Number of protein chains: 2
Amino acid sequence: MIKLSKKIEYGILALQYIAIHSDKIISAKEISEQMGIPYEFLSKTLQQLMKKGLIQSQQGIRGGYVLSRKPADLTVKDIIIALEGKSSFLDCFVSSNGLICDRSPNCSIKDPMEKLQFKVMQVFGTTTIAEIATI
Amino acid sequence: MIKLSKKIEYGILALQYIAIHSDKIISAKEISEQMGIPYEFLSKTLQQLMKKGLIQSQQGIRGGYVLSRKPADLTVKDIIIALEGKSSFLDCFVSSNGLICDRSPNCSIKDPMEKLQFKVMQVFGTTTIAEIATI
DNA sequence: AAAAATCGGATTACAATAGTCGGATATTAT
DNA sequence: ATAATATCCGACTATTGTAATCCGATTTTT
Ligand code: FES
Ligand code: FES
């Protein structure tokens with residue numbers, strides 16, 4: 001379905017929350033309570049965003065997360081890729097060379113679909129957390 | 001995940017096939033064999049497209065399907081909506097008035113996300129079967 | 001009447017998403 | 001030091017959605 005996963009939804013909400021409260025370090029617990037997101041799931045999501053370098057973590061009693069970049073440099077596309085990898089519209093062109101799909105060799109929709117995907121990704125790539133948060 | 005379902009993939013492939021062979025009526029069996037799509041599943045998909053008026057069916061021994069409109073008037077968005085309904089990016093704004101999500105009343109990402117969805121849908125809405133089929 | 005097609009409900013199989021649990025590690029405050 | 005609070009991480013479970021199948025009915029042409 002053309003739908004964003006909860007993980008991405010939570011990721012956007014969390015990053016937006018951290019962006020707005022950029023004066024201090026924000027714990028997963030605070031986001032979880034304030035945004036009504038299951039704590040464990042959110043933790044996992046934040047850890048993933050951390051691994052991909054979108055946020056930085058601080059362990060320990062006064063720990064939490066801060067953004068690694070400015071909200072204006074953080075796009076929805078970044079978040080999607082960080083949380084789901086380079087997802088592709090159709091399984092067919094997951095691996096650019098190896099043929100997954102029987103139709104691949106002489107498939108007539110492959111190229112147009114790749115262009116379509118590119119355009120959609122461009123939309124995600126030009127929407128930033130700064131715009132969403134309207135700080 | 002940002003991925004088109006098999007149903008949509010098959011729908012696009014089938015409509016494109018029908019568009020290219022618009023001189024004659026095309027059976028589900030033919031598409032299934034030529035495109036390597038599971039017959040039963042494809043049948044269901046075609047029936048759904050028929051109900052939504054994108055194609056017209058002819059029962060009986062020489063039956064099959066033809067397009068209701070010109071390929072240039074048939075967009076990927078039409079196919080998505082026909083096969084999955086008005087899908088929305090986030091559950092939150094599935095029902096435009098009733099609040100599904102706790103955050104709804106004063107949610108800061110709702111509007112930006114709706115705009116984002118609108119833009120993406122615009123991309124789908126401007127890609128036609130004619131372009132994909134390159135007849 | 002037989003054959004070839006669509007129609008349609010019900011069911012099953014599988015995969016992805018969403019969420020949970022338990023414990024380890026790091027850091028700070030007391 | 002030690003307790004408290006936080007991230008970290010793997011494994012697990014539950015739920016949902018997708019994909020596919022089954023079976024019988026109906027329609028239409030030959
Ligand atoms: S390559 Fe798989 S449908 Fe085109
Ligand atoms: S309304 Fe549900 S996240 Fe905004």
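Every chain is numbered from 1, with letters handed out A, B, ... down the list of sequences. This is a predicted model, so every value here is computed, not measured.
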4.5 Å side-chain heavy-atom contact, Leu67(A) and Leu54(A):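 No - every pair of side-chain heavy atoms lies 4.5 Å or more apart.
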Below 4.5 Å, heavy atoms only, C-beta onward: do Pro71(A) and Leu74(A) meet side chain to side chain?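 The answer is no, as the side chains (C-beta and beyond) never meet within the 4.5 Å cut-off.
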With a non-hydrogen cut-off below 4.0 angstrom, is Tyr39(A) in contact with a base, only sugar-phosphate, or nothing?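 The residue Tyr39(A) makes base contact.
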NA contact type, Lys7(A), heavy-atom cut-off 4.0 Å: base, sugar-phosphate, or nothing?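 Here Lys7(A) touches the backbone only, sparing every base.
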Could you work out, with side-chain hydrogen bond (donor to acceptor under 3.5 Å, both in side chains) as the rule, every residue matching [X], not counting sequence neighbours?
X: Thr127(B); result: none
X: Lys7(A); result: Gln48(A)
X: Gln34(A); result: none
X: Glu40(B); result: none

Where along residues 49-59 of chain A does a heavy atom come under 4.0 Å from DNA chain D, residue by residue in number order?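 The stretch gives Met50(A), Lys51(A), Ser57(A), Gln58(A), Gln59(A) as the residues lying under 4.0 Å from the strand, ordered by number.
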Under-4.0 Å side-chain N/O to phosphate OP1/OP2 contact, [X] with [N]:
X: Ser5(B); N: dA19(D); result: yes
X: Tyr65(B); N: dC7(C); result: yes
X: Tyr10(A); N: dG19(C); result: yes

Sort and list the pairs that fulfil ring-ring contact (aromatic ring centres under 6.0 Å, His included) and have at least one residue in residues 55-82 of chain A, not counting sequence neighbours.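 Listed once each, the pairs would be none.
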Euclidean distance, atom [atom1] of residue [X] to atom [atom2] of [N] [Å, nearest integer]:
X: Leu83(A); N: dA18(C); atom1: CG; atom2: C1'; answer: 14 Å
X: Leu42(A); N: dG19(C); atom1: CG; atom2: C1'; answer: 12 Å
X: Leu4(A); N: dA16(C); atom1: CG; atom2: P; answer: 18 Å
X: Phe41(B); N: dC14(C); atom1: CZ; atom2: P; answer: 15 Å

Sequence-distant partners of Lys29(A), side chain to side chain contact (heavy atoms under 4.5 Å, CB included), two or more places apart: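 Ser27(A), Glu33(A), Tyr39(A).
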With sequence neighbours excluded, tell me which residues meet side chain to side chain contact (heavy atoms under 4.5 Å, CB included) with Lys77(B).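 Here the qualifying residues are Thr75(B), Ile81(B), Met121(B), Phe124(B).
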Axis-to-axis angle across the helix from dA1(C)-dT30(D) to dT30(C)-dA1(D), five pairs an end, to 10 degrees?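 So the angle between the two local helix axes works out to 10°.
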Show the distances under 3.5 angstrom between N or O atoms of the protein and N or O atoms of nucleotides 1-4 of chain C.
| unit_1 | atom_1 | unit_2 | atom_2 | d |
| --- | --- | --- | --- | --- |
| dA4(C) | O3' | Ile61(B) | O | 3.3 |

Give me each pair satisfying salt bridge (Lys or Arg N to Asp or Glu O under 4.0 Å) with a member in residues 56-71 of chain B, each pair once, sequence neighbours excluded.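 Non-adjacent pairs meeting salt bridge (Lys or Arg N to Asp or Glu O under 4.0 Å): Arg69(B)-Asp78(B).
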Linking Ile, Leu, Val, Met, Phe, Trp and Tyr through side-chain heavy atoms less than 4.5 Å apart, which residues share a cluster with Ile61(B)?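 Once heavy-atom contacts under 4.5 Å are chained together, Ile61(B) still belongs with nothing else.
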Is any N or O donor-acceptor pair between the side chain of Lys6(B) and the base of dG17(D) shorter than 3.5 Å?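 Answer no: no donor N or O sits under 3.5 Å from an acceptor.
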For Lys44(A) and for Gly63(A), find the nucleotide of DNA chain C with the closest heavy atom, then tell me which residue's nucleotide is more 5'.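 By nearest-heavy-atom nucleotide position, the 5'-most residue is Lys44(A).
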